[in-house]
2 protein chains.
Amino acid sequence: MVDVVKHHPMKTYGQFCGLARALDVIGDRWNLLIVRELIAGPLRYTELRTSLAGVATNLLADRLRTLETFGVVERRVAEGGVAYALTPWGEGLRAPLEALVRWSAPLMVTGGEGEVFRPRWLVLALPALLAGVTASPPAVVGVEVAGTVVVLRVDAGGVHAELGAEDDVPDTLLSAPPAMLLGLAAGALGVDEVVAAGHLSGDADALRRAFPAERRRPVCGPTAADPSA
Amino acid sequence: MVDVVKHHPMKTYGQFCGLARALDVIGDRWNLLIVRELIAGPLRYTELRTSLAGVATNLLADRLRTLETFGVVERRVAEGGVAYALTPWGEGLRAPLEALVRWSAPLMVTGGEGEVFRPRWLVLALPALLAGVTASPPAVVGVEVAGTVVVLRVDAGGVHAELGAEDDVPDTLLSAPPAMLLGLAAGALGVDEVVAAGHLSGDADALRRAFPAERRRPVCGPTAADPSA
DNA sequence: CCGCATCCTCATGGATACTG
DNA sequence: CAGTATCCATGAGGATGCGG
């Protein structure tokens with residue numbers, strides 16, 4: 001009992017810095033993945049639980065509670081259940097998340113064997129990786145993967161994605177495995193190369209025209225060896 | 001001993017998603033703050049320790065090691081000591097961090113009593129919050145805060161910041177407390193308002209001209225009450 | 001001094017069971 | 001369906017030690 005002040009557990013970083021305060025809100029484990037799930041639209045509690053694939057239910061409940069009190073997530077008691085959705089401020093996390101997705105592109109060149117994949121995640125990833133791509137006149141491209149259709153609406157303003165039903169009739173329907181989509185996304189692979197490898201079926205020329213070689217993002221990746229090796 | 005596989009601790013999220021893989025690399029506590037420190041330039045181990053203000057030394061060593069093996073951080077054995085610096089890929093985190101700083105702006109309207117502040121952090125924060133601001137002909141604005149000078153170089157391409165010596169001769173030298181700078185940054189306050197409150201001394205007109213009302217970022221902030229209350 | 005490694009305590013995360 | 005409650009393993013935080 002010599003020391004009066006024992007073990008001050010520092011839940012926040014205690015720094016007068018925007019980044020530190022942002023991390024005080026969304027820096028805890030699972031938080032940004034919860035936001036990613038909700039970017040594609042509101043979800044029920046159990047839908048979140050299954051889509052996040054591995055989160056403990058007490059953690060999910062705790063994270064949703066703190067995100068709600070911070071004003072990132074909104075809890076809507078709707079007909080027959082509870083739905084969680086992003087607040088307008090939470091929607092504002094789309095830009096940082098897209099930037100992180102672009103940064104992570106070099107990490108996606110290796111395939112995801114043994115990893116979970118949900119087409120829902122492409123609603124964040126595809127516009128992030130196709131940033132700067134425009135189309136005039138506007139075009140609608142449907143990407144079918146793992147049984148669901150991601151609808152990409154491309155106009156002069158950029159790319160917008162949403163989950164679509166099968167009877168949504170896009171101009172073009174691509175059928176692609178997730179590894180190809182995110183490998184394309186990686187930018188380390190050229191579109192021509194992927195198409196030549198036969199991974200892409202359907203009207204690939206539209207995508208190739210929209211994403212020509214001279215507009216591919218220059219990417220610099222990890223310089224050291226992967227620590228998982 | 002009924003269960004053979006006991007407690008698989010899931011160091012990674014195990015998701016085939018760019019965001020999840022990025023968080024596998026930089027999602028652990030302190031990681032992004034380490035990157036923030038190094039964005040203003042290389043630092044020694046003890047400099048990192050004091051600037052981060054609260055990190056345990058074993059954690060800092062561990063984080064630096066994993067960031068190095070992932071290729072985000074580079075360990076340089078220079079004259080008289082060890083310096084840590086960002087790799088080119090690690091430098092690429094500047095864009096996501098700036099986006100997070102912009103998102104966090106509504107969190108910065110309250111002052112930082114009892115919080116640590118380092119002028120070094122402005123090297124990330126000020127360009128982030130002045131994104132879109134240009135100047136022609138180019139201008140150099142020095143911001144003196146807490147005894148150090150942050151040099152803002154503004155040209156047609158945007159704003160670039162770096163730590164400067166006192167004998168760097170900028171076109172304009174502003175003297176401002178950090179609360180004002182990041183309050184300005186917050187965007188919730190207008191520049192005119194802050195200037196009128198007398199918090200800004202020096203040539204404020206230059207900044208006001210560079211950041212007119214019609215170019216201020218629209219901000220939407222947290223909707224619920226702050227949970228710290 | 002600088003650059004960590006070790007040790008200990010407590011808080012947090014993770015898996016499962018359980019309940020209105 | 002939407003979460004609590006509980007237990008245990010790991011991780012964070014702090015002090016200290018120690019070789020260069």
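Labels below follow one simple rule: chain letters A, B, ... track the order of the sequence lines, proteins then strands, and each chain is numbered from 1.
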| field | Side-chain donor/acceptor of R102(A) to backbone N/O of L129(A), under 3.5 Å | value | no
Extract from the structure each pairing of a protein N or O with an N or O of nucleotides 5-8 of chain C at less than 3.5 Å, listing the distance.
unit_1 : atom_1 : unit_2 : atom_2 : d
dA5(C) : OP2    : R65(B) : NH2    : 2.6
dA5(C) : N6     : T57(B) : OG1    : 2.8

| note | W30(B) atom CH2 is separated from dA12(D) atom P, nearest whole Å, by 11 Å
| Nearest-angstrom distance from the residue atom NZ of K11(B) to P of dG14(C) | 14 Å
| message | Is it the case that over 12 heavy atoms from other parts of the model lie below 6.0 angstrom from the CZ atom of R49(B)? | response | no
| field | Per T46(A) side chain, nearest of listed nucleotides dG13(D), dC4(C), dA2(D) | value | dA2(D)
| said: Check for me whether the distance between the ring centres of W30(B) and Y13(A) falls short of 6.0 Å. | reply: yes
| R29(B), nearest nucleotide to its side chain (from dG3(D), dG13(D), dG14(C)) | dG13(D)
| said: If we ignore hydrogens and angles and just use 3.5 Å, is the side chain of T87(B) paired with the main-chain N or O of G71(B) as donor and acceptor? | reply: yes
| Does a donor on one side chain and an acceptor on the other come within less than 3.5 Å for E37(B) and W121(B)? | yes
| field | Between dG14(C) (C1') and L52(A) (CG): distance, integer Å | value | 14 Å
| query | Can R120(A) and E162(A) be said to form a salt bridge (Lys or Arg N to Asp or Glu O under 4.0 Å), step by step? | reply | CA-CA 9 Å; R120(A) 182 181 190 84; E162(A) 57 188 348; over 6 Å; no
| said: Less than 4.0 angstrom between a side-chain N/O of R44(B) and OP1 or OP2 of dG3(C), yes or no? | reply: yes
| To the nearest angstrom, how far is L59(B) atom CG from dG3(C) atom C1'? | 15 Å
| said: Without decimals, in angstroms, what is the distance between L64(A) CG and dG3(D) C1'? | reply: 10 Å
| Y84(A) side-chain N/O to dG3(D) phosphate OP1/OP2 under 4.0 Å | yes
| Given atom CG of D28(A) and atom P of dG11(D), what is their separation to the nearest angstrom? | 15 Å
| field | Distance, rounded to the nearest Å, where L48(A) contributes CG and dC1(D) contributes P | value | 13 Å
| message | By nearest atom, which of the nucleotides dA12(D), dG14(C), dG3(C) is closest to the R63(B) side chain? | response | dA12(D)
| message | For a 4.5 angstrom cut-off between non-hydrogen side-chain atoms, does L93(B) reach I39(B)? | response | no
| query | E47(B) has an atom CD; how far is it from atom P of dC2(C), in whole Å? | reply | 9 Å
